[in-house]
Amino acid sequence: MVKFGAVGGSGIAVNFLVFNLLLHGLTWAPMAATVIASCVAMASNYLGFRFFAYRDRASRTRRQIALFFAFSGIGVIMESALFYVGYHGLGMDTPLGSNLAKALSIVLASAFRFLVYRTWVFEQVKHSR
């Protein structure tokens, strides 16, 4: 869980950095900024999970990669939908509000990601005795 947190924390930092650069720096549309930021973080998280947090788990396979990106895609959709509700539905459209909406959406989608990554994507290697 600690390694998941370290990788997840770096992914959150990447997510916020890209999000704020796109939304507030380059004035992209809010939904485009959140989706792109989430996708960039997803790619950096894969590398961190594969080579750090879950390196002792099953070896990299096409199945593992497909599951990671399928579940991550669902996570991006969840995160984006939650962000949309906060930003547009609840009027969290100021710089502080948009970051709060982003933070809440990341937290809720991360709970889903933790469960599916640990359970299905980076399965525990079964050792025979």
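For reference, positions follow the sequence shown, starting with 1. Bear in mind the structure is a predicted one, so any value in this text is a computation, not a measurement.
At least one side-chain heavy atom of N99 sits under 4.5 Å from a side-chain heavy atom of N20. Looking only at side-chain heavy atoms (C-beta outward), W28 and I36 come within less than 4.5 Å of each other.
Taking OG1 of T94 as the start and CE of M92 as the end, the distance is 8.0 Å to the nearest 0.5 Å. Taken to the nearest 0.5 Å, the CG atom of D93 stands 11.5 Å off from the CG atom of L96. Rounded to the nearest 0.5 Å, atoms CD1 (I77) and CG (L82) are 12.0 Å apart. Within the model, atoms CZ of F83 and CG of L100 stand 10.5 Å from one another, a figure rounded to the nearest 0.5 Å.
When L23, L22, V35 are each tested for a side-chain contact (heavy atoms from CB on, under 4.5 Å) with P30, only one passes: L23.
Hydrophobic cluster membership differs between L17 and V40, with clusters built from Ile, Leu, Val, Met, Phe, Trp and Tyr side chains linked at under 4.5 angstrom. The hydrophobic cluster containing F68 also contains F51, counting ILVMFWY residues as joined when their side-chain heavy atoms lie under 4.5 angstrom apart, directly or transitively. V107 and F114 fall into different hydrophobic clusters, where Ile, Leu, Val, Met, Phe, Trp and Tyr are joined by side-chain heavy atoms under 4.5 Å apart, directly or via other members. L47 and I12 fall into different hydrophobic clusters, where Ile, Leu, Val, Met, Phe, Trp and Tyr are joined by side-chain heavy atoms under 4.5 Å apart, directly or via other members. Hydrophobic clustering (side-chain heavy atoms under 4.5 Å, transitive across Ile, Leu, Val, Met, Phe, Trp, Tyr) keeps Y87 apart from M78.
Counting all heavy atoms, side chain and backbone alike, A109 lies closest to G75 at CB-O, 3.8 Å. Across all their heavy atoms, G11 and S44 have their closest contact at CA-OG, 4.4 Å. A6 approaches F52 most closely through the heavy-atom pair CB-CE2, 4.2 Å. Annotation for F112 and F71: closest pair CE2-O, 3.6 Å, computed over non-hydrogen atoms.
Listed for the S98 side chain is a donor-acceptor partner under 3.5 Å among the backbone atoms of P95.
For residues 68-84, the pairs satisfying side-chain hydrogen bond (donor to acceptor under 3.5 Å, both in side chains) are N15-E79, S38-E79, S72-Y117, E79-K102, E79-R113, with sequence neighbours left out.
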Pair F16-I106, side-chain contact (heavy atoms from CB on, under 4.5 Å): steps then yes or no: CA-CA 10 Å; F16 273 105; I106 289 171; 3.8 Å; yes

